[in-house]
Every structure is written in structure tokens, then in C-alpha cells.
Amino acid sequence: MKKGTKSAALALAAVMMTAVLTACGSKADTAGSNTVTDTTVGGSQAENTDADVTPENGGTLTFGTNAEFPPFEFVVASGVIDQYDGIDIAIAKKIAEKNGMTAAIENMEFPSLLVALENGQIDAAIAGMTITDERKEEADFSIPYYTATQVMIVKEDSDIASATDMADKKICVIEGYTGEVCVKDLGYQYVAFKKGTDAIMELVNGKCDVVVIDSATAQKYVGDNEGLKIVEDASAFESEEYAIAVKKGNTELLDKINKSIEELLDDGTVADLGAMYTEAVSVE
Ligand code: ARG
């Protein structure tokens with residue numbers, strides 16, 4: 001039961017397990033169900049079929065992600081798991097390890113993740129995914145491991161100072177992200193891109209005025225591109241909580257994931273990873 005705890009200077013991963021408010025004020029309650037651990041183990045499974053992951057047998061725990069969301073998941077030449085790296089990838093690896101398994105990553109489009117869970121292509125989705133009421137109808141969520149909020153990325157000389165200032169501006173969002181939901185809820189027109197980097201290019205090239213996206217990812221983009229800044233508006237964008245999704249009803253796996261997350265939160269691993277990857281990807 002060793003833990004590879006790393007010491008880090010900053011603890012940026014502010015994790016709050018209290019009341020959950022998802023983007024744009026729609027309320028959702030935390031998924032954390034502390035049910036009794038299912039101890040049905042045994043048999044010999046060569047494959048991990050959905051809802052039948054038996055950690056004690058070893059094997060692979062397949063996580064789906066969308067590796068377009070630094071610092072949580074991004075593609076590198078060689079990372080923590082294959083060419084994937086980031087806070088979530090490191091968490092996935094640790095969860096698998098804690099349960100005697102090896103983590104595998106399947107990279108796909110963000111809106112495909114819950115479908116992939118449903119059809120058994122992946123065991124769990126870890127993708128900086130915000131718990132929302134809509135998504136809770138499609139999948140079960142772990143306890144949260146990270147708290148974020150939507151922010152606006154604008155050019156340094158922009159006059160946008162609050163969400164309502166976006167009303168007559170060209171707004172860019174990422175398809176299927178909670179940022180899109182927020183802008184839609186505000187009643188504004190927008191253009192949706194498949195990748196955060198595409199939306200940022202549009203902003204840098206002056207073809208859009210503002211990109212609405214999650215805070216830590218926004219910081220990464222602002223660090224990587226000259227002339228951009230972040231504008232926050234807590235009255236328009238409320239806090240969101242990231243959690244791991246599993247197929248509905250897969251309580252066996254969910255319990256294991258919850259237990260692992262709890263340990264990773266308690267021993268400071270998640271905070272350390274947050275600090276480590278935020279420093280690693282930031283310019284200043
Ligand atoms: N937190 C936002 C959401 O749940 C954005 C997540 C995007 N994640 C990704 N891996 N591309 O919609």
C-alpha cells in the first residue's frame with residue numbers, strides 16, 4: 001500500500017466536496033454514493049467486459065478521454081500512458097494501480113465519451129468532465145476530484161469585462177463542453193469548435209472576440225499565446241466539479257474508483273498533480 005506522493009510547492013487543485021453547482025447555475029448533487037463494497041471476485045476473465053472489471057485479476061482498466069484539454073489531458077511524444085499525459089492521465093494510472101490493474105487510454109471526441117461508456121468500449125471516462133444533471137441521466141459519476149469554473153479568454157485590449165458584455169460579440173465555444181451550455185443558457189449566439197486550440201486560433205486571428213472555456217485550460221492557452229487575458233465572472237459562471245464517469249449501474253467499478261479518488265485526495269496526490277501540471281504547462 002505504498003503511495004507515490006510527490007511534494008509540490010503549490011496546491012492549486014481546490015477540491016471541495018460540499019454543495020455542487022454546475023455551470024450556469026443549474027444545480028446538481030454530488031454523485032458520491034458510499035455503498036458497501038462488492039466483493040464478488042473470481043472467475044477468469046481474459047477481457048474486461050463492461051461492468052465486469054475485476055481488479056484482483058489484474059488486467060486493463062480502459063479510460064476514455066479527449067486529449068485536447070491541457071493540463072488535464074493532452075497528447076505528447078511520450079507521456080504517463082503512451083502518448084497521453086496530464087492530471088487526469090496520472091490519476092487514471094494511479095487508480096488502475098491501486099486496483100491491481102494497468103490503465104489504458106482511448107482518445108476520442110468529447111461528446112462520444114458517454115456513448116463509449118454505454119456500449120462498453122471503455123470502462124470509465126476521465127476527461128475533466130463536469131458533473132451535470134443531463135450527464136447524470138446517461139452515466140454514473142464518481143466523487144469529484146477537481147473544482148473549476150468557466151472563464152472568458154479575450155484579447156488583452158478587449159472591453160469585455162463581464163459575461164453580459166459578450167452579448168454583441170462573436171463568441172467561440174467548444175462543442176459539447178459545459179462552456180457551450182453556459183453561453184446557450186445566457187441566450188447568446190456562438191460558434192462551436194471541435195478543439196480548444198481551434199477556438200483560440202480564431203481568437204488570436206481576430207475572427208472571434210471571446211472563448212468561453214474551463215479555467216485551468218484557459219490559463220494554459222493564455223500562457224501559450226501572446227496578447228490574451230482571462231476575464232472571470234462568478235455571477236454568470238458558477239463552480240463545476242470534475243468527476244470520473246462509469247456506465248450507469250456499474251457500482252462495483254464506481255466504488256473502487258471512489259475509494260481510490262478518496263485516497264488520492266486525502267494524501268494530497270491530486271493537489272500535487274494539479275500544481276505539477278499547471279506549472280509544467282504555464283509560461284509565467
Ligand atoms: N469541463 C467541461 C465539460 O465537462 C469541459 C471538459 C472537456 N474535456 C476534454 N477532455 N476535452 O464539458
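In listed order, ligands and their atoms are each counted from 1.
Every ring-ring contact (aromatic ring centres under 6.0 Å, His included) that Phe69 has, sequence neighbours left out, goes to Phe72, Tyr177.
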Identify the protein atoms, limited to N or O, that lie within less than 3.5 Å of an N or O atom of ligand 1, and list each pair with its distance to 0.1 Å.
from: ligand 1; atom 1: 1 (N); to: Gly128; atom 2: O; distance (Å): 2.8
from: ligand 1; atom 1: 1 (N); to: Thr130; atom 2: OG1; distance (Å): 2.8
from: ligand 1; atom 1: 1 (N); to: Asp214; atom 2: OD2; distance (Å): 2.7
from: ligand 1; atom 1: 4 (O); to: Thr130; atom 2: N; distance (Å): 2.8
from: ligand 1; atom 1: 4 (O); to: Thr130; atom 2: OG1; distance (Å): 3.2
from: ligand 1; atom 1: 4 (O); to: Arg135; atom 2: NH1; distance (Å): 2.7
from: ligand 1; atom 1: 8 (N); to: Ala127; atom 2: O; distance (Å): 2.7
from: ligand 1; atom 1: 10 (N); to: Asn66; atom 2: O; distance (Å): 2.9
from: ligand 1; atom 1: 10 (N); to: Glu73; atom 2: OE2; distance (Å): 2.9
from: ligand 1; atom 1: 10 (N); to: Ala127; atom 2: O; distance (Å): 3.2
from: ligand 1; atom 1: 11 (N); to: Asn66; atom 2: OD1; distance (Å): 2.7
from: ligand 1; atom 1: 11 (N); to: Tyr177; atom 2: OH; distance (Å): 2.7
from: ligand 1; atom 1: 12 (O); to: Arg135; atom 2: NH1; distance (Å): 3.4
from: ligand 1; atom 1: 12 (O); to: Arg135; atom 2: NH2; distance (Å): 2.8
from: ligand 1; atom 1: 12 (O); to: Thr178; atom 2: N; distance (Å): 2.8
from: ligand 1; atom 1: 12 (O); to: Thr178; atom 2: OG1; distance (Å): 3.4

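For the residue pair Tyr145 / Asp88, a side-chain donor-acceptor distance below 3.5 Å is found, with atom types taken as modelled. Side-chain polar atoms of Glu106 and Thr62 form no donor-acceptor pair below 3.5 angstrom.
Annotation: Glu232, atom CD; neighbour count of heavy atoms from other residues, nucleotides and ligands within 6.0 Å does not exceed 12. Within a 6.0 Å radius of NZ in Lys207, no more than 12 heavy atoms belonging to other residues, nucleotides or ligands are found. Residue-environment remark: NZ (Lys170) exceeds the threshold of 12 foreign heavy atoms within 6.0 Å.
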